[in-house]
Amino acid sequence: MTLVVAIDGPSGSGKSSVSRAVARELGLAYLDTGAMYRAATWWCLHTGVALDDAVAVAAEVRRLPLAMGVDPSAPAVTVGGTDVSAEIRETRISEAVSKVATNLDVREELRLRQRAAIDAERGADGFAGGRGVVAEGRDITTVVAPDADVRVLLTASEEARLARRALDVHGTADATAVEATRDQVLRRDADDSTVVQFHVAADGVVTVDSSHLDFEQTVRAVLDVVAARA
Ligand SMILES: Nc1ncnc2c1ncn2[C@@H]1O[C@H](COP(=O)(O)OP(=O)(O)O)[C@@H](O)[C@H]1O
Ligand SMILES: Nc1ccn([C@H]2C[C@H](O)[C@@H](COP(=O)(O)OP(=O)(O)O)O2)c(=O)n1
């Protein structure tokens, strides 16, 4: 059996970038479950489903033709053969994704796909030898893979998370850019928190607070947790 590392946390805490760096360092696959929710949202907008119609959205996501690249150096996301890796990061998706992510039938469908992807990389019964995986999102440590070998809650202060996302999206962390990012960070986290708990570590989950750590220090902190627990 190989190593499964689960990393959860709020928006802008560094989950995706830190998880990819940890996966590269350890030679593991990388699963961005947030990208799956974003791709589901992209698909619903693309097919014209009303996001307020929960039944229709769930039916549409069940037929989502999604393929997730798990190479941490180039984790491509394709829907029906179209690479949507860049489009799913657009603000229009960030502003709409919570409507899809808070649909419980969507969560069940994506949970099954996420679990299958993790088991494939873990080399679980019936799957040819995987290399292990770092899976990141909001509910990996609690719902999707509570049996992961290492479980981490990566968090940071609201100020740090807003500044990082502002720098990401607007290229600056000045007051205007931070204010423009508030919705897609804090409002979205509030919406997401109605169906998933990702602000407090569950039993057995180690909290890493990156508020006062730079990127490299955060990667090191997570690698130290892996080294101590694996
Ligand atoms: N500890 C850190 N210090 C400074 N910047 C960071 C840190 N961790 C991540 N970042 C940067 O913050 C931005 C958001 O990180 P990301 O991995 O997208 O967060 P999340 O996936 O949790 O939303 C990225 O530009 C990333 O490089
Ligand atoms: N396992 C997951 C992963 C993401 N989500 C939701 C939460 C977010 O609003 C969207 C997009 O997740 P993503 O990780 O891309 O968002 P951030 O990069 O953290 O801002 O999906 C979820 O509900 N469960």
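Keep in mind that this is a model prediction, so the values were computed, not measured. In each ligand, atom 1 is the first atom listed, and ligand 1 is the first ligand listed.
Close approach to Gly137 involves these atoms of ligand 2, each under 4.0 Å from a residue heavy atom: 1 (N), 3 (C). For ligand 2, the atoms sitting less than 4.0 Å from at least one non-hydrogen atom of Thr33 are 1 (N), 2 (C), 3 (C), numbered in the order shown with element in parentheses. Listed by number with element, the atoms of ligand 1 under 4.0 Å from a non-hydrogen atom of Pro10 are 22 (O). Applying the 4.0 Å criterion to heavy atoms of Tyr37 picks out, from ligand 2, the atoms 1 (N), 2 (C), 3 (C), 4 (C), 5 (N), 21 (O), 22 (C), 24 (N). Close approach of ligand 1 to Phe215 (heavy-atom distance below 4.0 Å) involves ligand atoms 1 (N), 2 (C), 3 (N), 8 (N), 9 (C). The Thr218 neighbourhood of ligand 1 comprises atoms 1 (N), with distances under 4.0 Å to a heavy atom of that residue.
Of the inter-residue distances, the one linking Arg113 atom CZ with Leu66 atom CG reads 6.0 Å to the nearest 0.5 angstrom.
Using a distance-only test at 3.5 Å, with no hydrogens or angles considered, no donor-acceptor pair links the side chain of Arg138 to the main chain of Val196. Between the side chain of Thr172 and the main chain of Asp174, a donor-acceptor pair closer than 3.5 Å is present. A distance-only check finds a donor-acceptor pair linking the side chain of Thr33 to the backbone of Glu136 [under 3.5 Å]. Put simply, the side chain of Arg20 gets close to the backbone of Pro72: a donor and an acceptor are under 3.5 Å apart. Judged purely by atom type and a 3.5 angstrom limit, Ser157 uses its side chain to pair as donor or acceptor with the backbone of Ala160. Side chain of Lys15 to backbone of Pro10: a donor-acceptor contact under 3.5 angstrom is found. No donor-acceptor pair under 3.5 Å is formed between the side chain of Arg151 and the backbone N or O of Ala6. In this structure, the side chain of Asp139 does not engage the main chain of Thr142 through any donor-acceptor pair within 3.5 Å. One N or O on the side chain of Ser85 and one on the backbone of Val77 form a donor-acceptor pair closer than 3.5 Å. A distance-only check finds no donor-acceptor pair linking the side chain of Asp8 to the backbone of Leu153 [under 3.5 Å].
The shortest contact between atom 12 (O) of ligand 1 and any protein heavy atom is with Arg164 CB, 3.4 Å. Scanning all protein heavy atoms for the shortest distance to atom 12 (O) of ligand 2 gives Gly34 CA, 3.4 Å. Looking only at heavy atoms of the protein, atom 15 (O) of ligand 2 is closest to Arg38 NE, 2.6 Å. Protein heavy atom nearest atom 1 (N) of ligand 2, with residue, atom name and distance: Asp139 OD1, 2.8 Å. In terms of protein heavy-atom proximity, atom 24 (C) of ligand 1 is closest to Asp168 OD2, 3.6 Å. Scanning the protein for heavy atoms near atom 23 (O) of ligand 1, the closest one is Arg165 NH2, 2.5 Å. In terms of protein heavy atoms, atom 6 (C) of ligand 2 is closest to Ala101 CB, 3.9 Å. Among protein heavy atoms, atom 19 (O) of ligand 1 sits closest to Gly14 N, 3.1 Å. In terms of protein heavy-atom proximity, atom 17 (P) of ligand 2 is nearest to Arg165 NH2, 3.5 Å. Protein heavy atom nearest atom 8 (C) of ligand 2, with residue, atom name and distance: Arg188 NH1, 3.1 Å. When only non-hydrogen protein atoms are considered, atom 27 (O) of ligand 1 lies nearest to Ser17 OG, 3.9 Å. The protein heavy-atom contact nearest to atom 19 (O) of ligand 2 is Lys15 NZ, 2.8 Å. Of all protein heavy atoms, the one closest to atom 3 (N) of ligand 1 is Leu213 O, 3.4 Å. Nearest to atom 9 (O) of ligand 2 among the protein's heavy atoms is Asp192 OD2, 2.7 Å.
Considering Arg138, Arg161, Glu136, Lys15 only, the shortest heavy-atom separation from atom 22 (O) of ligand 1 involves Lys15. Checking Arg89, Arg107, Arg138 against atom 23 (O) of ligand 2, the nearest heavy atom belongs to Arg107.
Residue pairs meeting the side-chain hydrogen bond (donor to acceptor under 3.5 Å, both in side chains) criterion with at least one member in residues 180-191, sequence neighbours excluded, are Ser11-Arg188, Arg161-Asp189, Glu179-Arg182, Asp183-Arg187, Arg187-Asp191. Applying the salt bridge (charged side-chain N to carboxylate O under 4.0 Å, His left out) rule to pairs touching residues 74-90 yields Asp32-Arg89, Glu87-Arg92, Glu90-Arg92, sequence neighbours excluded.
Under 3.5 Å, the side chains of Ser13 and Arg164 contain no donor-acceptor pair of N or O atoms. Counting only N and O atoms by type, the side chains of Asp209 and Thr155 include no donor and acceptor under 3.5 Å apart.
Under a cut-off of 6.0 angstrom, the local environment of CG in Asp147 is crowded, with over 12 non-hydrogen atoms contributed by other residues, nucleotides or ligands.
Look at Ala160 and you'll find every heavy atom at least 4.0 Å from all atoms of ligand 1. For Met36, the heavy-atom gap to ligand 2 stays at 4.0 angstrom or more. Put simply, part of Ser13 is less than 4.0 Å from ligand 1, judged by heavy atoms.
Ligand 1 has no nitrogen or oxygen under 3.5 angstrom from a nitrogen or oxygen of Ser11.
At a heavy-atom cutoff of 4.0 Å, ligand 1 is contacted by no atom of Ala156, backbone or side chain.
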